[in-house]
S.K.: 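Would you mind keeping the following structure in view while I ask a few things?
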Amino acid sequence: MTRGNQRDLARAKNLKKQQEQQKSKGAAGQAGNAGMSTQSRMERDAAAMKLKQDKANAKKAEEDAAKGGIAKTDCRLLRSILWRCDFIPISSPLHTLSSISIN
C-alpha cells in the first residue's frame with residue numbers, strides 16, 4: 001500500500017514545529033548568537049547600529065553637499081550647543097552679563 005502524500009505532510013509539519021521551537025529559544029539559542037553573552041551581543045549590535053547610522057549620516061552629508069546648502073543636522077547641532085551654553089541673543093531684552101553663564 002502506498003501512503004500517498006502523508007510522508008510529505010509529516011515532513012512539512014515537523015519542519016514547521018522545529019522552526020517554532022527555534023523561535024521560542026530566545027536570543028541565546030539563535031544560531032548567530034551561539035556562545036555569546038548578553039553583554040557581548042549588546043556590544044556587537046551597538047557597533048552594527050553605529051556603523052549603519054554613520055553610513056546614513058555620510059549619505060545625508062553627501063546629498064546636502066550636492067545641494068550646496070548647510071545641512072539641517074548642522075543647524076540642529078549649532079542650536080543644541082547654543083542651548084547648552086545658555087545662549088541669549090543680544091537682541092533679547094534679557095541680555096545682561098549676569099544672565100550668561102560660562103560652564
Side-chain angles (χ1 to χ4, degrees):
M1 281 192 147
T2 60
R3 295 183 59 184
N5 65 349
Q6 287 180 337
R7 188 170 290 143
D8 293 333
L9 293 175
R11 284 184 183 142
K13 182 179 175 183
N14 189 32
L15 180 64
K16 184 177 178 181
K17 182 179 174 183
Q18 287 176 349
Q19 288 174 345
E20 289 297 321
Q21 287 176 346
Q22 186 69 20
K23 286 181 187 177
S24 67
K25 282 184 179 180
Q30 300 296 325
N33 298 333
M36 296 179 78
S37 68
T38 303
Q39 184 66 29
S40 61
R41 284 196 311 266
M42 288 173 60
E43 290 171 359
R44 179 199 62 194
D45 294 346
M49 295 311 292
K50 182 174 178 1
L51 180 64
K52 185 177 179 180
Q53 187 64 44
D54 290 344
K55 283 183 181 179
N57 288 342
K59 182 179 178 184
K60 187 170 193 136
E62 219 173 81
E63 290 172 358
D64 289 338
K67 290 180 185 176
I70 187 167
K72 187 180 265 188
T73 55
D74 292 342
C75 292
R76 288 182 186 156
L77 178 63
L78 181 60
R79 267 191 260 140
S80 68
I81 290 170
L82 295 176
W83 178 258
R84 286 188 196 121
C85 296
D86 296 328
F87 176 76
I88 298 175
I90 295 175
S91 62
S92 170
L94 300 175
H95 179 71
T96 61
L97 291 177
S98 63
S99 66
I100 299 175
S101 64
I102 299 174
N103 296 335

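Excluded from the calculations below are hydrogen atoms, water molecules and symmetry mates; all remaining heavy atoms, backbone and side chain alike, are included. The shown structure was predicted, so the numbers you read here are calculated from the model rather than taken from an experiment.
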S.K.: Who pairs with Arg11 by salt bridge (charged side-chain N to carboxylate O under 4.0 Å, His left out), at least two apart in sequence or on another chain?
M.R.: Asp8
S.K.: Are Lys16 and Lys13 packed together at the side-chain level, in the sense that at least one heavy-atom pair is separated by less than 4.5 angstrom?
M.R.: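 Result no, sub-4.5 Å side-chain heavy-atom pair not found.
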S.K.: Among pairs that include at least one residue of residues 43-53, which meet side-chain hydrogen bond (donor to acceptor under 3.5 Å, both in side chains), considering only residues two or more places apart or in two chains?
M.R.: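 Only Asn33-Arg44, Gln39-Glu43, Lys50-Asp54, Gln53-Asn57 qualify under side-chain hydrogen bond (donor to acceptor under 3.5 Å, both in side chains).
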S.K.: Count the heavy atoms belonging to other residues, nucleotides or ligands that lie under 6.0 Å from CD of Glu62, then report whether that count exceeds 12.
M.R.: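 Result for CD/Glu62: open.
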